[in-house]
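All of these numbers come straight from a predicted model, not from anything done at the bench.
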Amino acid sequence: MTELKSTTHSIPSSQEVCELEIWSPPQGSLKEAVPISIDLDFFAEQVALPNFTFIASAKRATLYVRIDNANIARGSRLGEYPLDPEMVAEVTQSVRTAIENAVDTSGSMEVGVRPGFFGKLTGIVKWTKRKSKKYERDQIVKTAARIARISPRPKLKWDVVEPISPYLLKGRYIGSSGEKEVGPLFLLTMEKNSCIVEVCVAIQRQDVVVSNLVIGGAYINSTNKKAVLDQLARRSIEGSQLASGGASIHTDPESILLCSSKMEIEIENK
């Protein structure tokens, strides 16, 4: 009889924009399909520096995964849905309703012209007055689109976005709330008696959103001051990222590594 044993470890981070925790697989899991579950949360962090305060948020993040001595089971990645081989296209329709009321007034008059060789000539002048009122109404029928918050990408990566305004990441995107669960992130197939799974979260510098800049209890209104303080705020977020040796996953060199969590799994014979 075999049993899976696991140990988890999270690297401490000083930032509070993102929190990541990896969970041990439940008892009875098979080595051919080990569920890898995580809790991924995002927050709006209140940051206080010696001279000013601000709120830092993220509008986009990337989830990176590293696996040793194991593979991801086919079709088990979170957010992975094959497209239908056939598609029914729905056309957007515009229906226009028009109502027009018109009132016409017409008349005529005779004009005498100097007699010519063949006698008197008569000309007739006619006119028409038209009053019109037109009312139009457009009704546009559109189809609804589905946008995913979690999207898998090649090379063991996932994109995390918020499609609803103000488009800032806030709340739990992967994990369990006690009543509802989003996950697992994927199923693992072990090749040997032990394997390692590491997960980390990173954001691009341009995806850091700085708001509510305050100096001495007053909000900053000057555009130039905002630009300078915005850069200082972003640097403070970059300074709170994990050390380069904190995670062994290769991420984008321009990204900020926020958090990392690792789990070692072993098969124990009983």
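- Taking CG of Leu169 as the reference point, atom NZ of Lys59 lies at 10.5 Å (rounded to 0.5 Å).
- Neither Val161 nor Trp158 shares a network with the other; the hydrophobic side chains, linked directly or stepwise wherever heavy atoms of I, L, V, M, F, W or Y lie under 4.5 Å apart, form separate groups for each.
- Residue Lys262 forms a side-chain contact (heavy atoms from CB on, under 4.5 Å) with just one option from Thr7, Val197, Ile11, Ile196, and that option is Ile196.
- Side chain of Glu16 to backbone of Glu45: no donor-acceptor contact under 3.5 angstrom is found.
- Atom OG of Ser260 is separated from atom CD1 of Ile22 by 9.0 Å, given to the nearest 0.5 angstrom.
- The backbone N or O of Leu258 lies less than 3.5 Å from a partner atom in the side chain of Gln15, making a donor-acceptor pair.
- The closest side-chain heavy-atom distance from Ile256 to Arg205 is below 4.5 Å.
- One finds the CZ atom of Phe42 at 11.0 Å from the CD atom of Glu19 (value rounded to the nearest 0.5 Å).
- Here the shortest heavy-atom pairing between Leu78 and Pro152 reads O-CD, 3.7 Å.
- Phe43 and Ile38 fall into different hydrophobic clusters, defined by Ile, Leu, Val, Met, Phe, Trp and Tyr side-chain heavy atoms under 4.5 Å apart, directly or through other members.
- No chain of hydrophobic side-chain contacts below 4.5 Å, direct or via other Ile, Leu, Val, Met, Phe, Trp or Tyr residues, connects Leu63 to Ile203.
- Between the side chain of Arg77 and the backbone N or O of Arg153 there is at least one donor-acceptor pair closer than 3.5 Å.
- Thr8 places no side-chain N or O within 3.5 Å of a backbone atom of Trp23 that could act as its donor or acceptor partner.
- Taking every heavy atom of both residues into account, Ser76 and Ala73 meet most closely at OG-O, 2.7 Å.
- Leu213 and Val47 fall within the same hydrophobic cluster, defined by Ile, Leu, Val, Met, Phe, Trp and Tyr side-chain heavy atoms under 4.5 Å apart, directly or through other members.
- Residue Ile174 comes nearest to Ile150 through the heavy atom pair CG1-CD1, 4.0 Å, listed as atom of the first residue, atom of the second, then distance.
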Would you check, one step at a time, whether the test side chain to side chain contact (heavy atoms under 4.5 Å, CB included) holds for Ile36 with Ile72? CA-CA 10 Å; Ile36 304 301; Ile72 292 181; over 6 Å; no
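- For the pair Gln27/Glu3, a side-chain contact is recorded, criterion being any heavy-atom separation below 4.5 Å from C-beta on.
- When all heavy atoms of Leu187 and Pro35 are compared, the pair lying nearest together is CD2-CA, 3.6 Å.
- Atom CD of residue Glu191 and atom CD of residue Glu32 lie 12.0 Å apart, to the nearest 0.5 angstrom.
- When all heavy atoms of Gly75 and Glu80 are compared, the closest pair comes out as CA-OE1, 3.2 Å.
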Taking it one step at a time, do Cys18 and Leu40 satisfy side chain to side chain contact (heavy atoms under 4.5 Å, CB included)? CA-CA 7 Å; Cys18 175; Leu40 177 62; 3.7 Å; yes
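- Within a 6.0 Å sphere centred on NZ of Lys157, heavy atoms belonging to other residues, nucleotides or ligands number more than 12.
- Minimum heavy-atom separation, Ser57 to Val17: C-CG1, 4.4 Å.
- With rounding to the nearest 0.5 angstrom, the CG atom of Leu188 is 7.5 Å from the CE atom of Met263.
- Hydrophobic clustering of Ile, Leu, Val, Met, Phe, Trp and Tyr side chains at less than 4.5 Å, counting indirect connections, unites Ile267 with Ile265.
- When side chains are defined from C-beta on, Gln46 counts as touching Thr53, because their heavy atoms get closer than 4.5 Å.
- To the nearest 0.5 angstrom, Asp39 atom CG is 7.0 Å from Ser176 atom OG.
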Between Glu264 and His9, does a side chain to side chain contact (heavy atoms under 4.5 Å, CB included) hold up when you go through it step by step? CA-CA 9 Å; Glu264 299 179 8; His9 173 66; over 6 Å; no
What do the steps show when you test Thr62 against Asp159 for side chain to side chain contact (heavy atoms under 4.5 Å, CB included), and what is the final call? CA-CA 5 Å; Thr62 303; Asp159 281 337; 3.7 Å; yes
